[in-house]
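Have a look at the structure below before the remarks.
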Number of protein chains: 2
Amino acid sequence: MIAENDVTQTKPDSPLPETETPRDAASKERLRMWLRMLKSTRRVEAALRDRLRREFGSTLPRFDVMAALARYDDGLKMSALSGVLRVSNGNVTGIVDRLVEEGLVVRVQVPGDRRASLVRLTRKGREAFARQAEAHETWISELLGDVSLDEARMFSDRFDAIIKTDTDPEQTA
Amino acid sequence: MIAENDVTQTKPDSPLPETETPRDAASKERLRMWLRMLKSTRRVEAALRDRLRREFGSTLPRFDVMAALARYDDGLKMSALSGVLRVSNGNVTGIVDRLVEEGLVVRVQVPGDRRASLVRLTRKGREAFARQAEAHETWISELLGDVSLDEARMFSDRFDAIIKTDTDPEQTA
DNA sequence: CAAAAAAAGTTTGAGCTTGAAATATATTTT
DNA sequence: AAAATATATTTCAAGCTCAAACTTTTTTTG
């Protein structure tokens, strides 16, 4: 919103501040798009949080952590985990602490290195995650139900481009 | 991820669990799309948070509140504010408290009703927001730079559809 | 090898977020 | 007028989030 006229315009056709260069127009349209993208994402996220809470007594961050661990049978080190999820180290500590309390994951000492530990899903954790993941996929299809297969593919590609535009380290274990 | 075969399939052509109905395919593709959409949104949000913090010592929630207030010269009641932003009541209380401390907004008593108060931007708040909003638009264009005007329009429309699919009260002041 | 640097994790402090409970005030019913 | 109900907002507890500070351990290097 707001954002006056653009000083870098090449053709000052009109002297009024209401002048709109093509650059402005694109900028405004991208802003509009972003606001809608943010709103859509938040809506879907809110719905997911709500269902995860009601139906599984869990949260999205916990789900994210378990999803990451589910992809690595050998477990992940804390630093690798926060790297994969792209959240801060300290953040993951707390979430894993709670998952450990509930018996969904374990911290296994790494033999050679007394600093590090591998975080791994327990059997209970794997089972809980399997149930949640299945529900999760169903919810997404429900929430994005009117997006066709082809359209979804198109969107995925476009989002990939956006992701790649920003710096994308994407480190592994 | 995970999500075994779909029980509701109409044609059990293959007895194996690896069977994939068109319904499965679309479901998986939508999940893929959602994960990318979430990732993109988080990337952009993270970038915005970072810049807002560094350049203005502020946060996205504060910015959101100020943006909402900027659209209502007469101010908004707390309940209307949380309604517009679609966040909990208690949430807004804290954010507004901090904005008041910094002199960016004020709480004005509503004449007829001693329960309610109107939250309004101060001059300082309006000026701060104007600067932030301008930078914000620039950042968005930077972050979504390779999205063309037409493409942005298309995305906007599509997101609108997603938003409309979920319940959309959108109350006003 | 000892000092310095780097790496793995945790802790801390401040802020955001929610849902539920508490408070206060208004309005409606009885 | 008293009681019940509705509305406006705050408080609270639990959890998520980050950046920065801090331990402990390992690796590098002079």
Side-chain angles (χ1 to χ4, degrees), chain A residues 38 41-43 45-54 56-66 75-102 104-105 107-119 171 173, chain B residues 38 41-43 45-54 56-66 75-102 104-105 107-119 171 173:
Chain A
L38 186 56
T41 303
R42 284 182 177 170
R43 288 290 173 85
E45 258 195 286
L48 293 178
R49 281 177 206 284
D50 196 60
R51 296 182 189 196
L52 224 33
R53 187 175 61 82
R54 288 181 200 286
F56 296 103
S58 191
T59 66
L60 213 40
R62 273 165 160 78
F63 181 79
D64 287 345
V65 166
M66 293 175 78
L76 280 175
K77 289 200 284 190
M78 292 297 281
S79 45
L81 191 48
S82 63
V84 167
L85 298 176
R86 305 183 64 86
V87 297
S88 65
N89 270 357
N91 185 354
V92 176
T93 298
I95 297 171
V96 168
D97 282 352
R98 268 158 247 133
L99 289 174
V100 168
E101 277 172 25
E102 294 177 28
L104 299 169
V105 312
R107 274 188 243 246
V108 185
Q109 271 298 317
V110 171
D113 192 334
R114 275 189 302 176
R115 296 168 304 179
S117 58
L118 282 171
V119 184
Q171 64 245 60
Chain B
L38 186 57
T41 303
R42 285 182 176 172
R43 287 290 172 84
E45 259 194 285
L48 293 179
R49 281 179 206 284
D50 196 60
R51 297 183 188 194
L52 224 33
R53 187 175 62 81
R54 287 180 201 286
F56 296 103
S58 190
T59 66
L60 213 39
R62 274 162 158 81
F63 181 78
D64 288 345
V65 165
M66 293 176 79
L76 280 174
K77 289 201 284 191
M78 291 298 283
S79 45
L81 191 49
S82 63
V84 168
L85 297 175
R86 304 182 65 87
V87 297
S88 67
N89 273 356
N91 185 353
V92 177
T93 297
I95 297 171
V96 168
D97 282 352
R98 268 159 247 131
L99 289 175
V100 168
E101 276 173 26
E102 294 178 27
L104 298 169
V105 310
R107 274 188 244 247
V108 185
Q109 271 298 316
V110 171
D113 192 335
R114 274 188 302 175
R115 293 168 304 182
S117 59
L118 282 172
V119 185
Q171 64 245 62

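All chains are named by letter (A, B, ...) in the order of the sequence lines, taking the proteins before the strands, and each is independently numbered beginning at 1.
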Checklist line | Distance test, side-chain N/O of A/Arg107 to OP1/OP2 of C/dT10, below 4.0 Å | finding: yes
Note to self: Does a side-chain N or O of B/Arg114 approach OP1 or OP2 of C/dA26 to a distance below 4.0 Å, or not?
What the structure shows: yes
Notebook entry, point to check: Does any non-hydrogen side-chain atom of B/Val65 lie less than 4.5 Å from one of B/Arg62?
Noted result: no
Next item on the list: Grab the CZ-C1' distance between B/Arg53 and D/dC18 for me, whole Å please.
Entry: 8 Å
Note to self: As a test of reading the structure: which of D/dT17, D/dT10, D/dG15 is closest to the side chain of A/Arg62, going by heavy atoms?
What the structure shows: D/dG15
Note to self: Using whole Å, what does the distance between atom P of nucleotide C/dA6 and atom CZ of A/Arg115 come to?
What the structure shows: 13 Å
Margin query: Can you see if the side chain of B/Thr59 gets near the phosphate of C/dG15 - specifically, an N or O under 4.0 Å from OP1 or OP2?
Written below: no
Check: Quick one: on DNA chain C, does B/Val92 or A/Val110 contact a more 5' nucleotide (nearest heavy atom)?
Finding: A/Val110
Next item on the list: Whole angstrom is fine here: how far is it from CZ in B/Arg86 over to P in C/dT18?
Entry: 11 Å
Notebook entry, point to check: Please give, in whole Å, the distance from C/dG9 P to A/Ile95 CD1?
Noted result: 15 Å
Next item on the list: Between A/Thr93 and B/Val87, just flag the one whose closest nucleotide in DNA chain C comes earlier from the 5' side.
Entry: A/Thr93
Checklist line | Inter-residue atom distance A/Arg53.CZ - A/Ser58.OG, 0.5 Å rounding | finding: 11.5 Å
Margin query: By nearest atom, which of the nucleotides C/dT18, D/dT26, D/dT9 is closest to the B/Asn91 side chain?
Written below: C/dT18
Check: Between atom OG1 of B/Thr93 and atom CE of B/Met78, what is the distance when rounded to the nearest 0.5 Å?
Finding: 4.0 Å
Notebook entry, point to check: What integer distance in Å separates B/Leu118:CG from D/dT9:P?
Noted result: 8 Å
Next item on the list: Verify side-chain contact (heavy atoms from CB on, under 4.5 Å) between B/Thr59 and B/Leu52, making sure each step is shown before the conclusion.
Entry: CA-CA 6 Å; B/Thr59 66; B/Leu52 224 33; 5.9 Å; no
Next item on the list: Tell me which nucleotide among C/dG9, D/dT26, D/dT9 gets nearest to the side chain of A/Met78.
Entry: C/dG9
Next item on the list: Could you check which of D/dT25, C/dT17, D/dA19 has an atom nearest any side-chain atom of B/Asp50?
Entry: D/dA19
Note to self: Counting the atoms with a prime plus P, OP1 and OP2 as sugar-phosphate, which does A/Gly94 contact under 4.0 Å by heavy atoms, base, sugar-phosphate, or nothing?
What the structure shows: nothing
Check: To the nearest 0.5 Å, what is the distance between CG (B/Leu85) and CD1 (B/Ile95)?
Finding: 8.0 Å
Check: For the pair made of CG in A/Asp113 and P in C/dA6, what is the distance, rounded to whole Å?
Finding: 17 Å
Next item on the list: Look at A/Ser88 and D/dT17 and indicate whether a side-chain polar atom (N or O) is within less than 4.0 Å of OP1 or OP2.
Entry: no
Item checked: Phosphate OP1/OP2 of C/dG9: any A/Asn89 side-chain N/O under 4.0 Å -> no
Item checked: Distance, rounded to the nearest Å, where B/Leu48 contributes CG and D/dC18 contributes P -> 15 Å
Notebook entry, point to check: Once you round it to whole Å, what is the distance between C1' of C/dA7 and CG of A/Leu81?
Noted result: 17 Å
